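What follows is a short report on a single structure.
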Number of protein chains: 2
Amino acid sequence: MPRRPSLTHLQLASAALDVVDRDGLAGLTMRAVAAQLGVSTMGLYRYVQDRDELEELVVETVLGEIDTDPPGPGDAASWREQLTVMARRLRDTVGTHPSTVPLALTRRYRSTAIMRWSETVLAILAGAGIDGERRVIALRSLLAYAIGAIQLEHLGGPSGLDALATVPSSAVSSEFPFLADSAAAAAGVTRDDEFVGGVALLLDGLTP
Amino acid sequence: MPRRPSLTHLQLASAALDVVDRDGLAGLTMRAVAAQLGVSTMGLYRYVQDRDELEELVVETVLGEIDTDPPGPGDAASWREQLTVMARRLRDTVGTHPSTVPLALTRRYRSTAIMRWSETVLAILAGAGIDGERRVIALRSLLAYAIGAIQLEHLGGPSGLDALATVPSSAVSSEFPFLADSAAAAAGVTRDDEFVGGVALLLDGLTP
DNA sequence: CACCGTAGGCGTACAGGGTACGCCTACCAG
DNA sequence: CTGGTAGGCGTACCCTGTACGCCTACGGTG
């Protein structure tokens, strides 16, 4: 069995991640990644079937950085706090590589990292006495909320709140009075407040 | 001012939407849309700056189909029911064109359709006596949840619940016991239950 | 130590894709 | 009838992803 492979999947993934972080998602090209590695373009196809598989690798790498250990009772006493920590970890980790957000969230992925995250969340929910279908819905809701919130945060809030806060044109104000009003109120809400606030709503809903 | 434009933006948009619904997102090509309209490829650039703008047009068309009239008291008496109706409308409309989901959710859009939706939601929230920053967070949370849920639904649940439900391999079961258990419980939960269940959690959180 | 089969490595080439550019042509004012 | 204006589009270019086939390094065998 002559000639060992000279690259590892991990090298591939982090090279690709470097490219994305530097040149944005549009810059993620087989040629660019190959150049980053000092390898010929086609060399990549030794390690990856497809450009698709390369993207999957990037996503897995990013998601793999999520700390999925159960939050120790030291860090967070109540299950509410523990779930908040988990949600934050997901958001903060993905937020470290903003350009990969569309990738991570659009891709049809069956990520083991997300499965580990889900497993820990389910364990916390179980500890809170939430079971059966109720627990299924809780997990999906938390995940759905986190995904959507990350997206809104990084792709420019389509609610228009941010934009309206900076440019409250009177035309907009008259057609969307509530939106204009909310834009003003939104000025006092940080991204973090917003994210954690939404998590709190869900958790309130879970609390009997 | 000789020669009127022979196409309207609406024609462009619906041709593009036809292409997407037929050939999937990958089939959305300047050439394909042009062919659909019986026009030369470059003809499209009379109406659209960019492929990007074409995609925006598609997104706006889909989102424009959302009914953003306030749900009449006839349809839904309580504000909870009204908000549920609004969330459902968003989800159901986007679900009509599944291929556009990555587009609608990935794109950095400042959609007037979403603004109209937001305005109506804010009005309902105001009617429920929810004001100020609390209302901002409520809107963002509902929107974030809806976006994430739509995504999970159409891009293959990354929680793996669906996959696990059909293939509960023992290896997975032992490594992810809670996930395996939840997969079984998930079998009894329909997509609709799941979506509305998450909305209910948020609304419970909003109810004092 | 020579050799050769095997499997990794990569250069070339091609089929799409987006779009810049410039000519052609239909229309309307005079 | 005619000239100018602005829409319409064919051509051509560059940039992707990737199929294909040669080249080369290695390690077991004689």
Side-chain angles (χ1 to χ4, degrees), chain A residues 1-61 99-100 102-104 106-109, chain B residues 1-61 99-100 102-104 106-109:
Chain A
M1 200 178 304
R3 218 146 167 209
R4 286 310 132 96
S6 50
L7 294 164
T8 66
H9 271 204
L10 198 133
Q11 281 176 297
L12 256 212
S14 64
L17 198 50
D18 284 351
V19 170
V20 170
D21 285 339
R22 176 163 28 87
D23 302 333
L25 193 50
L28 183 62
T29 292
M30 299 306 273
R31 286 169 171 82
V33 175
Q36 175 80 20
L37 287 165
V39 165
S40 89
T41 305
M42 292 312 287
L44 299 182
Y45 287 88
R46 279 282 149 205
Y47 305 95
V48 130
Q49 190 105 33
D50 224 86
R51 179 217 164 95
D52 222 64
E53 207 175 305
L54 181 77
E55 294 186 354
E56 225 165 272
L57 224 52
V58 172
V59 171
E60 261 312 293
T61 303
S99 296
T100 68
L103 223 55
T106 285
R107 187 142 302 283
R108 177 182 277 97
Y109 54 105
Chain B
M1 200 180 302
R3 217 147 168 207
R4 288 309 132 95
S6 50
L7 265 50
T8 68
H9 271 204
L10 199 135
Q11 281 176 297
L12 257 211
S14 65
L17 197 50
D18 284 351
V19 171
V20 170
D21 286 340
R22 176 162 30 86
D23 303 332
L25 193 51
L28 183 63
T29 292
M30 300 306 273
R31 287 167 171 82
V33 174
Q36 174 80 19
L37 287 165
V39 164
S40 89
T41 305
M42 292 311 287
L44 299 183
Y45 287 88
R46 278 284 150 201
Y47 305 95
V48 131
Q49 190 105 33
D50 224 87
R51 180 218 162 95
D52 223 63
E53 206 176 304
L54 180 78
E55 294 186 353
E56 223 165 272
L57 224 53
V58 172
V59 170
E60 260 312 293
T61 304
S99 296
T100 68
L103 224 52
T106 285
R107 188 141 303 282
R108 176 182 276 100
Y109 53 106

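In this text the structure is predicted, and so the values were computed from the model without any measurement. What's counted below: heavy atoms across the whole structure, side chains too, no hydrogens, waters or symmetry copies.
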Holding to side-chain contact (heavy atoms from CB on, under 4.5 Å), I want the full list of residues that pass it with [X], two or more places apart in sequence or in another chain.
| X | value |
| --- | --- |
| R31(B) | T29(B), T41(B) |
| Y45(B) | M30(B), M42(B) |
| V19(B) | R22(B), D23(B), A32(B), V33(B), Q36(B) |
| D21(B) | L17(B), H97(B) |

**Asked** Going by the salt bridge (charged side-chain N to carboxylate O under 4.0 Å, His left out) test, which pairs reach into residues 43-52 of chain A, not counting sequence neighbours?
**Response** R51(A)-E55(A), D52(A)-R107(A)
**Message:** Rounded to the nearest 0.5 Å, what separates atom CD in E56(B) from atom CD in Q49(B)?
**Reply:** 11.0 Å
**Message:** OP1 or OP2 of dG9(C) versus the side-chain N and O atoms of Y47(A): is any pair under 4.0 Å?
**Reply:** yes
**Request:** Tell me which residues in residues 11-25 of chain A put a heavy atom below 4.0 Å from DNA chain D, sorted by number, or none.
**Result:** none
**Prompt:** Is S40(B) reaching over with its side chain to a backbone N or O of G43(B), donor-acceptor style, under 3.5 angstrom?
**Reply:** yes
**Prompt:** Between the main-chain N or O of L7(B) and the side-chain N or O of Y47(B), is there a donor-acceptor pair closer than 3.5 Å?
**Reply:** yes
**Item:** Per-nucleotide protein contact string for nucleotides 13-22 of chain D, where B marks a base within reach and S marks sugar-phosphate only (heavy atoms under 4.0 Å, - for neither)
**Value:** ---BBBBB--
**For atom CG of L44(B) and atom C1' of dG10(D), their distance in whole Å** = 14 Å
